[in-house]
Amino acid sequence: MQIVVGMGERGLVRLVDPELPDEPVREIALDAFADAVRDLEPSRPRWVWVDTRAWYPRLLAAGVRVDRCHDLRLCGAILDHSTATASARGAGGHPRPGWLPAGPAETDAASQADTGARVAVHSTLFDFDAEEAGESTVTGAAATLTDRLLQELRRQEALVAESSAPGALRLLLAAESAGALIGAEMHAAGLPWDRAVHERVLEVELGARPAPGWKPSRMEELAGRVRRELGVASVNLDSQAELLRALRLSGIQVDSTARWELREHDHAAIEPLIAYKKLARLMSANGWAWLDEWVVDGRFRPEYVPGGTATGRWATSGGGALQLPKNVRAAVVADPGWTLVVADAAQLEPRVLAGMARDEAMAAAGRGRDFYLGLVDAGVVATRDEAKYAILGAMYGATTGESGRLVPRLASAFPRGMALVDRAAAEGERGGSVTTLLGRSSPFPSAQWRAVQARASEPDATAADERRARSSARDWGRFTRNFVVQGSAAEWSLCWMAGLRMRLDVIASTVSSATPAAGASGPVFDRAPHLVYFLHDEIIVHTPREVADEVAAAVETAAQAAGTLLFGDFPVEFPLDLAIVESYAMADA
DNA sequence: CGGCGCGGCGCC
DNA sequence: AAAGGGCGCCGCGCCG
């Protein structure tokens with residue numbers, strides 16, 4: 001059963017069964033929304049709404065979770081660009097309605113190139129529903145909004161049904177929508193954060209917290225050493241321009257102040273300068289100001305943006321949640337009586353590539369062991385490090401250097417895997433779109449990119465024009481090469497996480513005497529194990545100690561289930577590095 | 001003054 | 001050690 005959620009007249013929330021559209025299941029005030037959902041949830045409906053971010057936080061605040069949903073905005077963004085729906089959308093079939101808000105990674109350029117549709121760029125949050133409801137009142141047309149939602153749901157269902165891969169797309173839309181629920185839940189739950197531990201890290205690295213406008217003592221010391229070694233009385237190390245000038249005056253011939261370039265030079269100023277930059281980064285990205293802004297009541301609550309990147313990987317907004325430096329992860333500490341289950345998928349991307357390409361030899365290299373060691377055992381390369389660089393090079397499109405040199409060896413060992421990424425690169429170089437395992441397609445290159453290509457094929461094109469075109473074609477080819485692997489790996493991760501979420505709910509019903517979480521997790525999360533962090537191929541579950549082993553087993557089971565969902569009985573394995581630890585830093589072993 | 005591009009760097 | 005993909009955030013410095 002599905003229930004469509006939208007704003008009706010007079011600010012009332014309408015809940016409508018698409019099978020019986022004329023009579024709403026409920027028509028209620030916003031205040032009564034959470035109670036209505038709590039009532040209806042036991043029959044396990046799929047909640048259909050425009051935007052999970054608009055509705056779900058309100059439910060979570062009231063202590064209500066839902067099992068599943070269909071996020072029309074996120075699913076529309078996938079369907080309106082997928083090559084799998086291209087023929088269904090051909091000749092103006094199933095046009096996207098102008099009111100449907102743009103997806104998080106949709107740009108006007110990408111959307112227009114593909115569908116010709118105009119992507120609405122108005123506010124996409126709760127205002128959207130309210131605004132539309134207001135409109136329907138003005139025109140006097142009753143329930144216009146929910147009619148629109150029903151129509152959009154049917155449009156999306158039709159696109160799936162008429163697509164070249166209905167099964168894969170259904171799975172992708174379910175996984176994407178589950179991701180939207182999980183993102184909202186992780187924000188509500190928060191990542192348990194020990195302020196005192198973080199402050200200790202800062203004090204050890206930087207020194208005592210300075211007064212506002214001052215720098216920590218360790219940074220001042222290092223800055224003094226750099227100035228002495230450069231022989232300049234004053235240079236602001238935070239100014240790239242000033243620093244570059246000072247370096248060159250001291251005879252250090254660099255073109256940038258990037259660490260990798262500085263390291264090439266042998267000069268007494270380099271070591272303290274690199275150390276300074278490291279501390280400056282810690283200070284500005286995750287220093288005391290960050291703690292004050294982002295850690296409240298023992299929880300770090302970033303805003304997750306499911307589907308926030310072109311490949312389907314998530315983004316975050318605010319707090320830099322996906323860039324937590326390793327040295328502050330010690331501050332991620334479980335509540336008393338609780339623990340963390342930390343797991344990441346080992347060498348996920350090459351394994352996903354093996355499965356997609358149905359490359360038996362590649363799958364075998366990773367079976368029962370570290371994938372990179374498998375390459376060494378198979379005699380493809382000599383060392384694990386070489387294996388890593390070779391694989392990285394294959395998936396990112398390296399052509400030069402050590403990495404590029406190793407790629408041909410992979411091509412002979414794993415012809416099917418390499419052929420898949422090579423085809424993706426070739427498609428990108430032509431300006432085409434490539435598609436992940438489940439059906440998310442890459443955006444088309446910009447008009448400017450196409451203009452550069454067109455210029456090179458004009459009769460009076462210069463050698464420089466041709467060079468420029470070739471170079472930008474290869475750039476885009478590297479993007480599409482990586483897109484299919486990164487995007488399909490993101491799909492594996494979504495399936496893993498969605499399956500885990502289901503299994504955690506089962507475990508939750510067995511928790512008897514857990515100490516309620518000390519932090520401000522809210523009523524939904526204070527007794528049950530729940531996801532608190534997701535980083536592309538890595539998850540953290542915060543769980544009462546008494547069920548930690550069951551949670552760890554569920555994490556494993558969910559990983560194997562995700563492999564089967566995506567690749568059936570093709571023998572590719574997805575081993576995890578898993579640890580049950582008090583602190584995130586302890587998972588790194 | 002705010003907006004924005006850029007260099008630099010953290011993560012995968 | 002290795003130079004290829006995806007991001008977000010910071011400070012700086014320029015611009016209107």
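Convention: sequence-line order gives letters A, B, ...; per-chain numbering from 1.
- Nucleotide B:dC6 holds its C1' atom 15 Å from the CG atom of A:L243, rounded to whole Å.
- If you take CZ of A:F300 and P of C:dC9, they are 10 Å apart, rounded to a whole angstrom.
- By the 6.0 Å contact criterion, CD on A:Q253 is enclosed, its count of non-hydrogen atoms from other residues, nucleotides or ligands being greater than 12.
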Report, one pair per line, the protein and nucleotides 13-16 of chain C atoms (nitrogen or oxygen only) whose separation is under 3.5 Å.
unit_1: C:dG13; atom_1: OP1; unit_2: A:S239; atom_2: OG; d: 2.2

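- The ring pair (Phe, Tyr, Trp, His ring centres under 6.0 Å) with A:F534 is formed by just one residue from the set A:Y304, A:W496, A:W314; it is A:W314.
- For the segment residues 245-275 of chain A, residues with any heavy atom less than 4.0 angstrom from an atom of DNA chain B are, sorted by number, A:S256, A:T257, A:A258, A:R259.
- A perpendicular orientation is assigned to the rings of A:W294 and A:F300, their planes being inclined by more than 60° (bins at 30° and 60°).
- Between A:L410 and A:A394 the shortest heavy-atom distance is CD1-CB, 3.7 Å.
- Nearest approach of A:V484 to A:A424, heavy atoms of both residues: CG2-CB, 3.8 Å.
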Checklist line | Verdict with supporting geometry, A:R209 and A:E199, salt bridge (Lys or Arg N to Asp or Glu O under 4.0 Å) | finding: CA-CA 9 Å; A:R209 179 174 192 165; A:E199 282 172 343; 5.4 Å; no
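- Taking atom CH2 of residue A:W492 and atom P of nucleotide B:dC12, one finds them 16 Å apart after rounding to whole Å.
- Around atom CZ of A:R409, more than 12 heavy atoms belonging to other residues, nucleotides or ligands sit under 6.0 Å away.
- Distance, A:N286 CG to C:dC9 P: 11 Å, rounded to whole Å.
- The OH-P distance, from A:Y276 to B:dG8, rounds to 15 Å in whole Å.
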Atom pairs under 3.5 Å: protein N/O with N/O of nucleotides 4-8 of chain C:
unit_1: C:dG4; atom_1: O3'; unit_2: A:R478; atom_2: NE; d: 2.9
unit_1: C:dG5; atom_1: OP1; unit_2: A:R478; atom_2: NE; d: 3.2
unit_1: C:dG5; atom_1: N2; unit_2: A:R313; atom_2: NH1; d: 3.3
unit_1: C:dG5; atom_1: N2; unit_2: A:Q486; atom_2: NE2; d: 3.4
unit_1: C:dG6; atom_1: O4'; unit_2: A:Q486; atom_2: NE2; d: 3.1
unit_1: C:dG8; atom_1: O4'; unit_2: A:Q323; atom_2: OE1; d: 3.4
unit_1: C:dG8; atom_1: N3; unit_2: A:Q323; atom_2: NE2; d: 3.3

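- Applying the 6.0 Å contact sphere to CZ of A:R474 captures no more than 12 heavy atoms from other residues, nucleotides or ligands.
- When heavy atoms are screened at a 4.0 angstrom cut-off, A:D344 is found touching no nucleic acid atom at all.
- Note: CE (A:M219) to C1' (C:dC10) measures 12 Å, nearest angstrom.
- Side-chain atoms of A:Y56 and A:E185 include a donor-acceptor pair closer than 3.5 Å.
- Exactly one of A:L273, A:I270, A:D266 qualifies for a side chain to side chain contact (heavy atoms under 4.5 Å, CB included) with A:I252. That residue is A:I270.
- Taking atom CG of residue A:L237 and atom C1' of nucleotide C:dC12, one finds them 13 Å apart after rounding to whole Å.
- Dashed line: the shortest gap from a side-chain N or O of A:K277 to OP1 or OP2 of B:dC9 is under 4.0 Å.
- Listed pair A:K278 / B:dG10 meets the phosphate criterion, a side-chain N or O lying under 4.0 Å from OP1 or OP2.
- The CG-C1' distance, from A:L406 to C:dA3, rounds to 13 Å in whole Å.
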Notebook entry, point to check: Between A:E427 and A:T480, is a side-chain hydrogen bond (donor to acceptor under 3.5 Å, both in side chains) present by the stated rule, with each step listed?
Noted result: CA-CA 8 Å; A:E427 187 62 36; A:T480 52; over 6 Å; no
